[in-house]
Amino acid sequence: MCPLPVKPRALSNSVESVGPTSSSGAGRHLALRIDDAWLRFQTRLAIRRGRVETVIPYTGYGTTSWVRVLARIVRSEPRDGGSGTQAGKLKPLKDGMRGWRNFTSAPVAHATVRVTIAGIDHDVEADRGGVVDAHIPAALDVGWHTITVQSGGSRIVEAPVQIVADDADFGVVSDIDDTVMVTALPRPFLAAWNTFVLDEHARTPTPGMAVLYERIVRTAPSAPVVYLSTGAWNVAPTLSRFLSRNLYPAGPKLLTDWGPTPDHWFRSGQEHKRSSLERLAAEFPGVKWLLVGDDGQHDEAIYAEFAQRHPQNVRAIAIRQLSVGEAVLAGGRSKSAAQPTPGIPWIYSPDGAGMSAQLEQLGIIRRSVRPADVPETP
């Protein structure tokens with residue numbers, strides 16, 4: 001399988017590091033300059049308080065010839081996992097209950113990060129928000145593996161990666177908010193509430209969706225399940241715990257970074273989803289994806305556009321129908337369901353049970369399946 005081509009960067013071991021790069025000079029617009037000033041203030045304050053570089057690992061994925069490594073580098077208290085040489089967990093950052101804790105640590109912009117895969121070291125560079133998104137050549141067998149990540153003098157931490165078979169022909173891409181997790185909040189307040197206020201145990205799983213996904217991975221145990229969201233990388237640990245606690249299959253989460261871009265004051269969540277789908281199509285050209293989302297605003301339009309451009313990469317589109325109250329809070333329902341996608345079935349249901357019955361009719365889920373051996377999301 002051929003990964004999505006990306007522009008090479010001057011890093012060791014021929015590693016390509018993917019992510020936004022900072023602009024320079026007078027061309028930098030006001031929002032970016034303000035964001036840079038805030039980052040410098042955060043960094044000075046963190047250093048003055050004795051905070052040290054800490055790696056927050058995320059679940060990666062790849063094929064037998066490459067791995068996409070995902071992580072974030074921040075400054076935290078040494079006891080949080082920032083120093084030492086032993087692999088370990090980041091207790092307060094990784095296991096803290098409220099999402100705002102994940103936003104209180106200053107990111108380490110452009111940190112040099114060492115990634116070790118199968119005993120081979122690779123040096124990559126984080127972006128200006130401390131996010132590592134690196135495409136690294138590696139020879140690994142199909143299945144789940146553990147790699148290690150270290151930045152500066154930080155503790156060496158472990159990150160899981162799922163290696164997809166070269167001949168894989170099916171996978172799942174799932175939205176999170178209002179698809180696997182009921183938010184019941186107005187969209188303008190959703191991100192702030194979920195991030196800064198809400199205790200993660202108060203989040204509600206969508207009825208029947210975990211059982212649906214379990215049936216899918218039992219039918220196709222090697223199928224990757226990718227969670228695609230417009231949420232910030234800062235909340236990835238919280239989302240991982242939610243998905244694991246509610247028995248959703250393990251899988252990488254493709255999130256985005258808050259803050260301005262070189263051209264805009266705010267990042268586009270819709271563009272993040274579009275570009276992520278395009279990348280998956282390029283990385284796994286032989287995979288037909290089941291695209292799962294909801295009918296609140298944009299998922300239908302984004303999935304329809306992708307299906308029109310890449311019909312060979314879409315098995316079906318499953319849309320969760322929001323209740324009247326949920327639709328009002330989401331800002332209304334999408335008007336894009338009528339876009340033609342010849343040969344690609346659409347299914348609609350308010351819950352996982354209804355989707356399961358329809359996917360069974362399409363042959364995506366079998367009536368009798370064997371248990372799947374899938375690890376928990378870390």
Side-chain angles (χ1 to χ4, degrees), residues 1-9 11-19 55-72 87 113-127 131-150 156-174 217 220-229 233 236 240 243 249-256 272 275-290 310 313 372-378:
M1 296 184 184
C2 298
L4 180 67
V6 291
K7 184 177 179 180
R9 299 186 59 172
L11 301 173
S12 65
N13 295 326
S14 300
V15 174
E16 296 169 358
S17 183
V18 181
V55 178
I56 303 177
Y58 305 137
T59 302
Y61 66 88
T63 69
T64 57
S65 61
W66 58 268
V67 173
R68 184 179 182 185
V69 178
L70 300 167
R72 187 165 180 260
V113 181
R114 174 147 297 182
V115 179
T116 303
I117 304 175
I120 301 176
D121 293 337
H122 308 267
D123 290 337
V124 301
E125 183 182 332
D127 67 13
V131 175
V132 175
D133 185 347
H135 178 280
I136 300 179
L140 293 175
D141 294 332
V142 173
W144 286 89
H145 296 264
T146 299
I147 64 175
T148 62
V149 186
Q150 183 182 28
I156 299 172
V157 300
E158 297 180 344
V161 293
Q162 183 180 21
I163 302 302
V164 180
D166 294 335
D167 60 354
D169 59 5
F170 177 72
V172 179
V173 173
S174 173
V217 298
S222 62
V225 179
V226 179
Y227 298 95
L228 177 58
S229 172
W233 281 113
S240 293
L243 295 171
K253 285 159 286 296
L254 302 183
L255 308 180
T256 187
H272 164 65
S275 62
S276 294
L277 288 170
E278 289 291 334
R279 177 165 182 164
L280 288 172
E283 291 174 329
F284 303 102
V287 171
K288 286 181 173 288
W289 298 96
L290 169 64
H310 303 280
N313 293 119
D373 182 16
V374 180
E376 291 185 354
T377 301

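Every value quoted in this text rests on a predicted model; they were computed, and no experiment measured them.
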For this session: Go through K253 and S240 one step at a time and tell me if the side-chain hydrogen bond (donor to acceptor under 3.5 Å, both in side chains) criterion holds.
Result: CA-CA 8 Å; K253 285 159 286 296; S240 293; 3.1 Å; yes
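- Of all non-hydrogen atoms in P137 and H122, the two that sit nearest each other are O-CE1, 3.9 Å.
- In this structure, W289 and F284 have perpendicular ring planes: the angle between them is above 60°, well past the 30° mark.
- For T64, the side-chain contact (heavy atoms from CB on, under 4.5 Å) test picks out V142, I163, D166, with sequence neighbours left out.
- A side-chain donor-acceptor contact under 3.5 Å links N313 to the backbone of P285.
- In plain terms, the two heavy atoms of Y58 and A236 that are nearest each other are CE2-CB, 3.5 Å.
- Put simply, the side chain of I147 reaches to within 4.5 Å of the side chain of V69, judged on heavy atoms.
- Looking only at side-chain heavy atoms (C-beta outward), W233 and L70 come within less than 4.5 Å of each other.
- H310 is linked by a ring-ring contact (aromatic ring centres under 6.0 Å, His included) to F306, counting only residues two or more places apart in sequence or in another chain.
- Taking the side chain as every heavy atom from C-beta outward, T59 and W144 approach each other to under 4.5 Å.
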For this session: Given side-chain contact (heavy atoms from CB on, under 4.5 Å), test I136 with I117 step by step and report yes or no.
Result: CA-CA 9 Å; I136 300 179; I117 304 175; 3.9 Å; yes
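- Here the closest heavy-atom approach between residue A168 and residue V287 is recorded as O-CG2, 3.4 Å.
- Qualifying side chain to side chain donor-acceptor pair (under 3.5 Å) partners for S174, counting only residues two or more places apart in sequence or in other chains: Y213.
- For S276, the side-chain contact (heavy atoms from CB on, under 4.5 Å) criterion is met by L228, L254, H272, not counting sequence neighbours.
- Not counting sequence neighbours, the partners of Y61 by the side chain to side chain donor-acceptor pair (under 3.5 Å) test are R68, E283.
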